Colleague: 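Quick one: the structure is below, and I'll ask about it shortly.
Throughout, protein chains are lettered first and strands after them, A, B, ... in sequence-line order, and every chain is numbered starting at 1. Everything numeric in this text was worked out from a predicted model, so none of it was measured.
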There are 2 protein chains.
Amino acid sequence: MEKVKSKRELILDIAESGILSKGFGATSIDEIIAEAEITKSGFFYHFKDKNELARALLQRYLDTEEAILDDVFTRARELHGDPLHSFLIGLKMLSEMMGDLPNGHPGCLVATVAYSERMFDRDVRTLNRQAILIWRERFLGMLQEIAAIYPPRDGVDLRTVADMISSTVEGGIVMSRAVGEPKVLAEQIVLLRSYIKLLFSPANPC
Amino acid sequence: MEKVKSKRELILDIAESGILSKGFGATSIDEIIAEAEITKSGFFYHFKDKNELARALLQRYLDTEEAILDDVFTRARELHGDPLHSFLIGLKMLSEMMGDLPNGHPGCLVATVAYSERMFDRDVRTLNRQAILIWRERFLGMLQEIAAIYPPRDGVDLRTVADMISSTVEGGIVMSRAVGEPKVLAEQIVLLRSYIKLLFSPANPC
DNA sequence: TGATCACCTGTACCGCAAGTGCAGTCTTCG
DNA sequence: CGAAGACTGCACTTGCGGTACAGGTGATCA
């Protein structure tokens, strides 16, 4: 029984892949309903307009991203009790995960929303903003735990470093897509890892 | 005589600000011609379709970006003869420049193209790819010059570090826009600078 | 002077996409 | 049986991208 998947979920799947490859505006409802084998009325039964589709899509996307991050850093912590080392392991796992995607990372909906502000309503934009802030807090918590044991070099603000994690992923995705080299994203995460390592390794004032 | 600006340039200006705030698909030709006070025929006289507008826009954008980078790193080199120090000065200047933009960075057309692949034709996508590769070579050249004097820590590939410069800017822009905090971009460039500094500072094997 | 050209205007039209509205249908479940 | 959930079918509106083509106007140049 593969047919447990509801039409609603099917619409979300089709819309997501369309939006990530073509953008929100270029993914037509006609195209989505053709692939989902439903009618236009069927579409509007589930979503009152395209913005509601965007909202549902973003929410679903953020939920799975959060689950992935939870999983990676929980497993990393199981492999090493030390906060710094487990964080570095987590970043390595993240990098490998990104490198293993056959066609490269499909793109981040957060960036899609960020780059088409006015196409989305307040709700969608707020949801997007909240997601970034949640990532900021997540990574900041981990960094503070690290900093309590390994004092970081002066002059760096931990919140900025926390943002750097998200920023590296977003930037890496843009670069990978623009240049057509999926490996770029993985490389950038490795470089980020190298920075974190340097940042928290004891300064040796020879 | 302010009227030296041709209608063509005016169209490009209006289209650019529209695209950066709403995305390519959401910026209608009707809207552009209304603001430019020309007719639809006038628009299609200059650009045979929307894709040609995109191509011209991207080309113009890339030219000004290149001019800015040239200017910043040339001035930085005049301030300090050493490649590492002048590079660090250049990054600082770049960061300050980004922080000084009153409404934050308006967004990068390269990312817009990267995130709406299928909306643009081959020409536009190739142009976009070339731009990233040019940036890669530019920064790689500077990094090699630095590495010749200050041997970098093992395990880092200079090409990846070169990509990191572009990646940081792209990621920083996405973050700034998504969260509504213009300063994030400037902060991320400062952090990148801090990494470059650590990377090329002599390792002290105490 | 008048011919040419760049740079437009005006009008009419096409097809597609995003909706709106609403009546009807099939299925499932209490 | 009846009600609710998950749709279908169809007709219609608006806006957008684009085409086609017939002009118009001011500057430049032989």
Side-chain angles (χ1 to χ4, degrees), chain A residues 1-58 60 112-113 116-124, chain B residues 1-58 60 112-113 116-124:
Chain A
M1 295 301 168
E2 294 290 306
K3 215 36 205 319
V4 281
K5 203 145 206 171
S6 68
K7 287 289 186 189
R8 193 191 142 93
E9 282 300 305
L10 185 58
I11 291 171
L12 288 174
D13 288 344
I14 295 167
E16 182 168 317
S17 81
I19 288 169
L20 289 176
S21 71
K22 290 177 299 189
F24 186 68
T27 305
S28 75
I29 293 174
D30 281 2
E31 185 188 322
I32 295 168
I33 65 176
E35 204 176 326
E37 292 177 316
I38 54 164
T39 60
K40 211 164 195 175
S41 314
F43 176 90
F44 285 105
Y45 169 75
H46 290 294
F47 308 98
K48 76 171 214 283
D49 57 20
K50 236 184 151 187
N51 236 299
E52 198 174 296
L53 171 69
R55 227 203 86 268
L57 215 45
L58 184 58
R60 198 182 67 148
T112 299
V113 173
S116 338
E117 276 180 13
R118 305 240 176 91
M119 284 195 68
F120 300 100
D121 60 23
R122 244 187 105 77
D123 278 8
V124 175
Chain B
M1 293 301 167
E2 293 290 305
K3 213 43 201 319
V4 282
K5 204 147 205 168
S6 68
K7 287 289 186 189
R8 193 189 142 94
E9 282 301 305
L10 184 59
I11 291 171
L12 289 173
D13 288 344
I14 294 167
E16 182 169 315
S17 80
I19 288 170
L20 289 175
S21 71
K22 291 178 298 190
F24 186 68
T27 305
S28 75
I29 294 176
D30 281 3
E31 185 188 321
I32 294 168
I33 64 176
E35 204 177 327
E37 293 179 314
I38 53 163
T39 60
K40 212 164 193 176
S41 315
F43 177 90
F44 286 106
Y45 168 76
H46 289 294
F47 308 98
K48 76 171 214 283
D49 56 20
K50 233 184 154 186
N51 237 299
E52 199 174 294
L53 171 69
R55 227 203 85 267
L57 214 44
L58 183 58
R60 196 182 69 149
T112 299
V113 173
S116 338
E117 276 181 11
R118 304 240 177 90
M119 284 195 68
F120 300 99
D121 61 22
R122 244 187 105 76
D123 278 9
V124 175

Colleague: Is the shortest side-chain N/O distance from Tyr45(A) to OP1 or OP2 of dC7(D) below 4.0 Å?
Modeller: no

Colleague: Round to a whole Å and report the spacing from CZ of Arg8(A) to C1' of dG5(D).
Modeller: 14 Å

Colleague: Which atom names give the shortest non-hydrogen contact between Phe43(A) and Ile33(A), and what distance separates them?
Modeller: CB-CG2, 3.7 Å

Colleague: What's the CE-P distance between Met119(B) and dA17(C), to the nearest Å?
Modeller: 13 Å

Colleague: Can you check the Ile38(B) CD1 to dG10(C) C1' distance for me, whole Å?
Modeller: 14 Å

Colleague: Okay, side chain of Ser17(B), backbone of Ile14(B): is any donor-acceptor separation there less than 3.5 Å?
Modeller: yes

Colleague: Under 4.0 Å from any atom of DNA chain C, heavy atoms only: list the residues of residues 12-21 of chain A that qualify, in numerical order.
Modeller: none

Colleague: Is any side-chain nitrogen or oxygen of His46(A) closer than 4.0 Å to OP1 or OP2 of dC7(D)?
Modeller: yes

Colleague: Could you go through residues 46-54 of chain A and list every donor-acceptor pair under 3.5 Å that involves a side-chain atom there, pairing it with any protein atom two or more places apart or in another chain?
Modeller:
unit_1   : atom_1 : unit_2    : atom_2 : d
Asp49(A) : OD1    : Asn51(A)  : N      : 3.2
Asp49(A) : OD1    : Glu52(A)  : N      : 3.0
Lys50(A) : NZ     : Phe24(A)  : O      : 3.0
Lys50(A) : NZ     : Thr27(A)  : O      : 3.0
Asn51(A) : OD1    : Asp121(A) : N      : 3.1
Asn51(A) : ND2    : Met119(A) : O      : 3.4

Colleague: Tell me every residue that passes side chain to side chain contact (heavy atoms under 4.5 Å, CB included) with Ser28(B), counting only those two or more places apart in sequence or in another chain.
Modeller: Asp30(B), Glu31(B)

Colleague: Would you mind reading off the distance between Glu37(A) atom CD and dT8(D) atom P, rounded to a whole angstrom?
Modeller: 10 Å

Colleague: Angle, rounded to 10°, between the helical axes spanning five pairs at each terminus of the helix from dT1(C)-dA30(D) to dG30(C)-dC1(D)?
Modeller: 10°

Colleague: How would you list, by chain and number, every residue that makes a side chain to side chain donor-acceptor pair (under 3.5 Å) with Asp13(A), sequence neighbours excluded?
Modeller: Lys5(A), Arg60(A)

Colleague: List the protein contact pattern of nucleotides 9-27 of chain D with one symbol per nucleotide (5' to 3'): B for base contact, S for sugar-phosphate-only contact, - for none; contact means a heavy-atom distance under 4.0 Å.
Modeller: BB-----SBBB--------

Colleague: Quick one: list whatever passes side chain to side chain donor-acceptor pair (under 3.5 Å) with Glu35(B), sequence neighbours left out.
Modeller: none

Colleague: For the pair Leu10(A) and Ile38(A), evaluate side-chain contact (heavy atoms from CB on, under 4.5 Å) and give the outcome as yes or no after the intermediate values.
Modeller: CA-CA 10 Å; Leu10(A) 185 58; Ile38(A) 54 164; over 6 Å; no

Colleague: List the residues meeting side chain to side chain donor-acceptor pair (under 3.5 Å) with Arg8(A), not counting sequence neighbours, and say none if there are none.
Modeller: none

Colleague: Between atom CD1 of Ile19(B) and atom CG of Leu58(B), what is the distance when rounded to the nearest 0.5 Å?
Modeller: 10.0 Å

Colleague: With sequence neighbours left out, what residues match Phe44(B) under side chain to side chain contact (heavy atoms under 4.5 Å, CB included)?
Modeller: Ile29(B), Lys40(B)

Colleague: Nearest whole angstrom, please: distance from the P of dA6(D) to the CZ of Phe47(A).
Modeller: 12 Å

Colleague: Using 0.5 Å steps for rounding, measure from the CG atom of Leu57(B) to the CG atom of Leu20(B).
Modeller: 7.5 Å

